[in-house]
Amino acid sequence: MILTADYHTHTTYSHGKGSVYDNALAAKERALKEIAITDHGFNHPAFGLKKRKLPCLLADVKSAEKETGVKIYAGIEANIISESGKTDLKEKYYPYFDVFLAGFHKFVLCGGGAMLKLYLPNYARSFLKIKPTDALVRRTTKTYIEVIRKNPVDAISHLNFCVFSDAVEVAKAAADYGTYIEINAKKTHLTDEELSDIAAKTSVRFLIGSDAHSAARVGEISLAEALIRRVGLDERRIDNIDGRLPDFRFRKYKEKNG
Ligand SMILES: [Zn+2]
Ligand SMILES: [Zn+2]
């Protein structure tokens, strides 16, 4: 399996260690065709991309692309902030970004309802390794599905990392709307059984993301590769390996809606 492109990388604009240029250079050394810089969404008080820094990020993307010859997308890893499916990437910011990932993250600013009913119970159970209640699984599943339904999200990042949803139901919605399920190479998130079930019961397509927080990890996917091999996932369902490039929903949405 040869990675064609890496659509999940962080820089110092959130809590990565390298610059946009560092990531681009690493991508060039790994012979990747494209990368996305996907720093954390605005509602993360400590790690989120600052709105005032957006012009600098976009300028860095342009110049790093010019200097390295690697296609670089300005992306964001938005935070899921409500049970009704809101993320912290509002529509007025769509023009600035090319790639839209969404996922659950700790310590994110969200409404009290989401904090009490979604965030705290998920993170507490994950931390204490307590089995989630059926109601919590239903609520988390519904939230992911609402995110996919209401936002032109390209990929759900690290599905079920520290949260509990019915991965098959989420993947069914993702398949319906043209959203990818990311297989994350930094975090252990889907169990072997969950990935195997998703593959067998849905037609969803996958992306592998390094989730690199340093340039040295751009394009590093061994953790994801090991999971894929254990499960025997048909690699033809992964759209950023072996020369393939994904068909991104966010791009199509923006083309259609001006
Ligand atoms: Zn993340
Ligand atoms: Zn990330």
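Positions are given from 1 along the sequence. Remember, predicted model here, so these are calculated numbers, not experimental data. Just so you know, these numbers use all the heavy atoms, side chains as well, and skip hydrogens, waters and symmetry mates. First listed ligand is number 1; within each ligand, the first listed atom is number 1.
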- request: Report, rounded to 10°, the angle at the Zn ion (ligand 1) between the two atoms NE2 (His105) and NE2 (His158).
  value: 100°
message: If you consider just the N/O/S atoms, which atom of Asp211 is the closest one to the Zn ion (ligand 2)?
response: OD1
- request: Could you check which N/O/S atom of His10 is closest to the Zn ion (ligand 2)?
  value: NE2
- prompt: Got a salt bridge between Glu255 and Lys252, using NZ or NE/NH1/NH2 to carboxylate O under 4.0 Å?
  reply: no
query: In terms of side-chain geometry, is the basic nitrogen of Glu146 or Arg149 positioned less than 4.0 Å from the acidic oxygen of its partner?
result: yes
statement: With rounding to 10 degrees, Glu77 OE1, the Zn ion (ligand 2) and His8 NE2 define an angle of 90°
query: Are Phe100 and Tyr253 close enough that their ring centres sit under 6.0 Å apart?
result: no
- prompt: Hey, what's the ring geometry for His40 with His10, parallel, tilted or perpendicular (30° and 60° as the breaks)?
  reply: parallel
